[in-house]
There are 2 protein chains.
Amino acid sequence: MHSEGVASRSAEPRDSNRSRQHTPQLDAVSLAIIEQLQEDGRRPYAAIGKAVGLSEAAVRQRVQKLLDQGVMQIVAVTDPLTVGFRRQAMVGVNVEGDVESVADALTAMSECEYVVMTAGSFDLMVEIVCEDDDHLLEVINRRIRAVPGVRSTESFVYLKLKKQTYMWGTR
Amino acid sequence: MHSEGVASRSAEPRDSNRSRQHTPQLDAVSLAIIEQLQEDGRRPYAAIGKAVGLSEAAVRQRVQKLLDQGVMQIVAVTDPLTVGFRRQAMVGVNVEGDVESVADALTAMSECEYVVMTAGSFDLMVEIVCEDDDHLLEVINRRIRAVPGVRSTESFVYLKLKKQTYMWGTR
DNA sequence: CTTGTGGAATGCGAAATCCGCAGACTTGAG
DNA sequence: CTCAAGTCTGCGGATTTCGCATTCCACAAG
């Protein structure tokens with residue numbers, strides 16, 4: 001089902017230091033808890049506890065810790081098409097000068113839903129979500145190319161979304 | 001920030017027909033409800049009701065409908081790095097023959113977290129999530145290139161994730 | 001071996017939330 | 001006007017959440 005998947009990416013990144021350092025590596029139980037919540041973010045703690053073999057209170061503590069640590073977030077994720085965004089595209093960007101500053105500028109744009117620095121023939125990959133073609137055109141041609149340091153861009157307009165997941169650990 | 005954002009994409013797509021057809025277009029209240037749940041997927045219905053001006057029961061009914069219709073999902077979203085996936089890459093794929101069948105083959109691979117058919121110099125864009133370099137190499141060179149119809153691939157290894165969002169409507 | 005300490009799990013009421021349902025309103029079709 | 005469908009509200013009863021004190025456990029120190 002779902003020709004248009006409910007969509008969107010994940011959590012907003014936190015500062016580099018925090019989560020990386022004390023990322024004590026999750027044990028099997030925490031993984032199991034996460035899997036439960038990936039199936040249903042509102043599943044009661046008691047039900048999760050029964051599934052993973054822990055008391056309700058223990059599950060609650062673990063979940064709270066996972067949230068505090070930024071290991072996971074429990075959120076509503078939507079289908080862009082349903083919410084009124086009809087055009088999406090991936091844009092590869094080539095930069096001259098400081099890549100990170102360009103990345104920061106793109107990150108500040110609300111239409112840029114996903115920004116990654118990459119190795120390869122593009123310095124940056126950016127996913128854009130727009131309301132219509134005009135909007136998309138304006139974002140790519142006027143806004144992104146106007147950012148100082150952007151040498152060139154190449155666009156890949158989405159024709160059909162085939163898969164979107166957030167099922168780690170579940171493997 | 002975030003060199004490791006909590007991560008992942010969104011919901012798995014549903015069949016093409018369902019959601020697209022009766023997607024009656026959400027009214028302002030439903031949008032507001034979604035925004036509330038994008039901030040905290042476990043927020044109590046009563047609190048949401050107070051925020052959007054509806055009774056607890058009404059919010060509950062609307063949320064249930066949004067979930068049933070596949071407009072949104074409430075799920076835990078995780079940071080791949082924390083969960084043990086250290087290498088990610090975007091791969092552009094060129095296809096000869098039927099693009100969709102190749103897309104289906106890639107969709108079936110658990111390491112492919114995101115698969116889109118695109119217009120432009122790639123026919124497909126695929127996001128890969130792996131445990132380490134060996135794993136990444138094997139997925140790209142052995143598995144993806146082994147799919148019948150795949151003419152060529154180009155990889156963009158992630159150096160740093162700068163932004164990930166799922167905040168529609170919130171704009 | 002005994003003691004001490006920090007982290008995590010458990011048990012347990014009290015408070016808050018969820019859930020199903022019946023009734024009231026609104027709207028549009030016939 | 002009447003009927004049917006779709007929503008919203010109000011309301012108990014069942015569940016769940018929450019905070020806290022207690023118990024367990026593993027481990028390091030004495």
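Predicted model, so just to flag it, every value in this text is computed and none were measured. Proteins get letters first, then strands, A, B, ... in listed order; numbering begins at 1 in each.
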Closest to side chain of R42(B), choosing from dT17(D), dC21(C), dA8(C):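 Nearest nucleotide to the side chain: dT17(D).
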A58(B), nearest nucleotide to its side chain (from dC18(C), dC19(C), dC8(D)):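 The answer is dC8(D).
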Take atom [atom1] of [X] and atom [atom2] of [N], then tell me their distance rounded to the nearest Å.
| X | N | atom1 | atom2 | result |
| --- | --- | --- | --- | --- |
| L66(A) | dG7(C) | CG | P | 17 Å |
| R62(A) | dG7(C) | CZ | P | 15 Å |
| R60(A) | dT17(C) | CZ | C1' | 14 Å |
| I48(B) | dT9(D) | CD1 | P | 14 Å |
| K50(B) | dT17(C) | NZ | C1' | 13 Å |
| Q61(B) | dG23(C) | CD | P | 16 Å |
| Y45(B) | dT9(D) | OH | P | 16 Å |
| R43(A) | dT17(D) | CZ | P | 12 Å |

Pairwise 5' ranking along DNA chain D for E56(B) and D27(B), keeping only the more 5' one: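 That would be D27(B).
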Over-ring placement of R87(B) relative to F156(B), 6.0 Å and 45° cut-offs: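 R87(B) over F156(B) ring: no.
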NZ or CZ of R86(B) within 45° of Y158(B) ring axis and under 6.0 Å: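 No, R86(B) does not sit over the ring of Y158(B).
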Any side-chain donor near an acceptor of the partner, S101(B) and D104(B), under 3.5 Å: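 No, D104(B) and S101(B) have no side-chain donor paired with an acceptor closer than 3.5 Å.
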Under-4.0 Å salt bridge between E113(A) and K163(B):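 Looking at E113(A) and K163(B), the cut-off is not met.
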Presence of K65(A) side-chain N/O under 4.0 Å of dA8(C) phosphate oxygens OP1/OP2: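 Yes, such a contact exists.
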